[in-house]
There are 2 protein chains.
Amino acid sequence: MNINAPLKKGRKYDQVVAGAREVFLKEGFEGASVDQIARDAGVSKATLYSYFPDKQALFMAVLTSQCMQQSDEAMGIEILQQPVPEALYSIARSFLGYLMSDFSVQVFRVCVAESARFPDLGRAFYESGPQQALDQIASYFASEKVQQDLTIDDPYLAADQFLQLCRADMLLRKILNVETDVSDEAIERIARETVKMFLARYRR
Amino acid sequence: MNINAPLKKGRKYDQVVAGAREVFLKEGFEGASVDQIARDAGVSKATLYSYFPDKQALFMAVLTSQCMQQSDEAMGIEILQQPVPEALYSIARSFLGYLMSDFSVQVFRVCVAESARFPDLGRAFYESGPQQALDQIASYFASEKVQQDLTIDDPYLAADQFLQLCRADMLLRKILNVETDVSDEAIERIARETVKMFLARYRR
DNA sequence: GATGAACTGAACTGGTCGGTTTATTCATGA
DNA sequence: TCATGAATAAACCGACCAGTTCAGTTCATC
């Protein structure tokens, strides 16, 4: 594991990254202190600095590895074999479930906050998260199975619209810490209404 | 002007806030130093601290005043008197125009970033921005004029969907610093497609 | 031109931070 | 048993930062 670790071996690499992830996601880049990270990781500062040249490198390593991980939750093949309306509903549900998770919200907050100071970060996050989702759904929309039921000229536009409808106002409220708990019924309702609107627009 | 200034009078109040706005929006809360703010505002640090008890108070003052300001760009009455499809298009255009502005994006970034550390901030931003837009459009959807042409059972849900469709992927790309310039044609296209989908769903 | 409040600039305090160094401990394996 | 290299704790450095203080300057008003 960690075949492409940055230049150094050592058994505590994962510990360092885990501690850094925890602190960075909670405190942001400027808010997190290296001492706190080392303490949280159960590692000495010297050890930490033997793995990473500076705080920025550690930050980027954590976030990009985190971004890589997020796109793993792909659409299962079993979803795609359902009839189109049911498949759309399942996709909306699973997408929303991920988006509303505390973890996803924290990563999003930090990436948005620091994307001005770390230009690479915003891009890395976008390409490994939102972009992936867009691509997957667009290619699903372009598939024969879907095109039998729907008329979609521009699959990317349609995918964008579909995902945008999923991200309802409640996601923004959660991101802004206005409303932290969201009921399952609310999520189901958004998914239902998303599919309803989408079918109204694209059904053959 | 500034009838409800915080406890102190003084001629340089606006200067201080203006400088603080500039620096906070560019650097975030932790990233901005008080010395830099004072320098940018053309004011001594002592003067700054005679207006505001500490850095946090200054930060909140800047952001909340900024939030108040953002909802001033209401829908003009002339828009609402257009036929419904044209009105929807105009609303989408003006909403998108504001959302895509550098200023709006900067405020959003900072509010998202600090909403975990400043719980009041996220709420203040939400209520004075997104919430206002939602309310305005929902009440428009509930109006007789609209209900003649469209069947909208839940105006808030519909308003949420409409605004969500406007916030297309390109907004996320701008927020994440992936793509800073967006063409007018792209904006127009999103507005057009938003109205198209919305009418397909709700047209009587 | 005198008065007083607002403002200035610069120095200062106490503290934190990122990063380095050093002396020491611990584990492994030959 | 000893050597090697990884890990540690703690002290340390220079820089920066929030906030205070104060002697002196500006400015509006009378």
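Residue numbers start from 1 in every chain, and the chains themselves are labelled A, B, ... in the order their sequence lines are given, proteins ahead of strands.
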To the nearest angstrom, the OH-P distance between B:Tyr13 and C:dC7 comes to 13 Å

Pick base, sugar-phosphate or nothing for A:Ala32, based on heavy-atom distances below 4.0 Å to the nucleic acid. sugar-phosphate

Hey, does the Lys NZ or Arg CZ of B:Lys12 hover above the aromatic six-ring of B:Tyr51, less than 6.0 Å from the centre and inside 45° of the axis?
no

From CD of B:Glu30 across to P of C:dT16 the rounded distance in Å is 14 Å

Show each protein N/O and nucleotides 8-11 of chain D N/O combination with a separation under 3.5 Å, one pair to a line.
residue	atom	partner	partner atom	Å
D:dT8	OP1	A:Lys12	NZ	2.8
D:dT8	OP2	A:Ser44	N	3.2
D:dT8	OP2	A:Thr47	OG1	2.5

>> With heavy-atom distances below 4.5 Å as the criterion, would you say the side chains of B:Asp154 and A:Arg189 are in contact?
In response: yes

Taken to the nearest whole Å, CD1/B:Ile37 to C1'/D:dA18 is 11 Å

Here the distance between atom P of C:dT8 and atom OH of B:Tyr49, to the nearest Å, is 15 Å

Polar side chain donor-acceptor pair, B:Asp169 to A:Tyr126, under 3.5 angstrom
yes

From CG of B:Asp35 across to C1' of D:dC17 the rounded distance in Å is 7 Å

Taken to the nearest whole Å, CD/A:Gln56 to C1'/C:dG18 is 12 Å

Original post:
Between the side chains of B:Tyr89 and B:Glu188, does any donor sit under 3.5 Å from an acceptor?
Top reply: no

Notebook entry, point to check: Do A:Tyr49 and A:Asp54 have a side chain donor and acceptor closer than 3.5 Å?
Noted result: no

Exercise for review: Output yes when at least one side-chain N/O atom of A:Tyr51 is less than 4.0 Å from OP1 or OP2 of D:dA7, else no.
Suggested key: yes

When rounded to whole Å, the CZ to P distance for the pair A:Arg39 and C:dG18 reads 11 Å

> Which of parallel (below 30°), tilted (30 to 60°) and perpendicular (above 60°) describes A:Phe59 and A:Phe118?
Replying inline: tilted

* Charged N to carboxylate O below 4.0 Å: is that the case for A:Arg39 and A:Asp35? -> no

Rounded to whole Å, CZ of B:Phe52 lies from P of C:dC7 at a distance of 12 Å

Taking D:dG19, D:dC27, C:dG18 as options, the one with an atom nearest any side-chain atom of A:Lys55 is C:dG18

